Amino acid sequence: MIQILKLSSGEELIGTVSDMEVEGRQVIKIEKPAVIVMQPIDGQPEKFGIGLAPYAPYAEENSVTILPNGIIGIMMPSAALKNEYNTHYGSGIITPQKPKIEV
């Protein structure tokens, strides 16, 4: 399941998150991780957008294992962020927006 992890370091990662056990310890595995970064919007210095950058791009398996005490929050991404992630790092599947019904 694609989720956002807020780390105790302050970083926010997005990727496919799962629980697993390694050597008798519970760990959280995040596959195809990307770090969420704030970026100024061109020509609008007071407004910011969100960008994604590879996290640990040199990891052999393209996954990171994190101890639970390094995570301070787990969140579900908005549809827009999930679509952006899937476009660049995930399955490529984009969820269409629901059409607005005007009366």
Side-chain angles (χ1 to χ4, degrees):
M1 173 181 301
I2 297 174
Q3 294 179 311
I4 299 169
L5 301 180
K6 174 78 170 185
L7 304 182
S8 58
S9 64
E11 295 170 304
E12 292 182 340
L13 305 181
I14 185 171
T16 303
V17 176
S18 59
D19 292 342
M20 56 188 292
E21 191 173 308
V22 175
E23 298 177 4
R25 297 178 74 176
Q26 181 191 2
V27 295
I28 307 296
K29 182 177 182 180
I30 183 165
E31 297 179 57
K32 297 181 182 176
V35 64
I36 301 170
V37 293
M38 299 293 286
Q39 299 175 323
I41 296 175
D42 291 337
Q44 301 177 13
E46 67 283 351
K47 293 190 177 184
F48 288 87
I50 294 176
L52 299 174
Y55 185 80
Y58 303 110
E60 188 172 320
E61 296 179 13
N62 199 15
S63 67
V64 177
T65 303
I66 304 168
L67 294 173
N69 62 354
I71 300 170
I72 60 172
I74 299 175
M75 301 155 275
M76 296 301 295
S78 67
L81 181 58
K82 187 175 180 179
N83 285 341
E84 185 69 19
Y85 173 81
N86 276 330
T87 299
H88 298 287
Y89 300 96
S91 64
I93 297 172
I94 296 175
T95 305
Q97 293 183 353
K98 294 179 183 176
K100 294 181 181 178
I101 299 174
E102 295 186 28
V103 191

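Being a predicted model, the structure only gives us computed values, none of them experimental. Along the sequence shown, the residues carry numbers beginning at 1.
- Put simply, the side chain of D19 does not reach to within 4.5 Å of the side chain of V27, judged on heavy atoms.
- The minimum heavy-atom distance between A34 and Y89, with the atom names listed, is CB-CE1, 3.9 Å.
- Considering only heavy atoms from C-beta on, T16 stays 4.5 Å or farther from P33 through its side chain.
- By the 6.0 Å contact criterion, CE on M1 is open, its count of non-hydrogen atoms from other residues, nucleotides or ligands being 12 or less.
- When all heavy atoms are compared, the tightest approach of P54 to P57 is CB-CB, 4.0 Å.
- In the hydrophobic clustering, L5 connects to L7, L13, V17, I28, I30, V35, V37, Y55, V64, I66, I71, I74, either directly or through intervening members, whenever side-chain heavy atoms lie under 4.5 Å apart.
- Within a 6.0 Å radius of CD in E23, other residues, nucleotides and ligands contribute 12 heavy atoms or fewer.
- Other residues, nucleotides and ligands contribute at most 12 non-hydrogen atoms within 6.0 Å of the CD atom of E61.
- In terms of heavy atoms, I2 sits closest to M76 at O-CE, 4.0 Å.
- Contacts of P40 classified as side-chain contact (heavy atoms from CB on, under 4.5 Å), with partners at least two apart in sequence or in another chain: F48.
- Using a 4.5 Å cut-off on side-chain heavy atoms (C-beta onward), M38 and I50 make contact.
- Taking every heavy atom of both residues into account, P77 and Q3 meet most closely at CD-CA, 4.0 Å.
- Atoms CE and CD1, on M75 and I14 in that order, are 10.0 Å from each other to the nearest 0.5 Å.
- Atom-to-atom distance recorded for S78:OG and N83:CG is 8.5 Å, nearest 0.5 angstrom.
- In the displayed structure, D42 atom CG is contacted under 6.0 Å by at most 12 heavy atoms of other residues, nucleotides or ligands.
- Note that CG of L52 and CD of E12 are 11.0 Å apart. Values are rounded to the nearest 0.5 Å.
- G10 approaches K6 most closely through the heavy-atom pair O-NZ, 3.4 Å.
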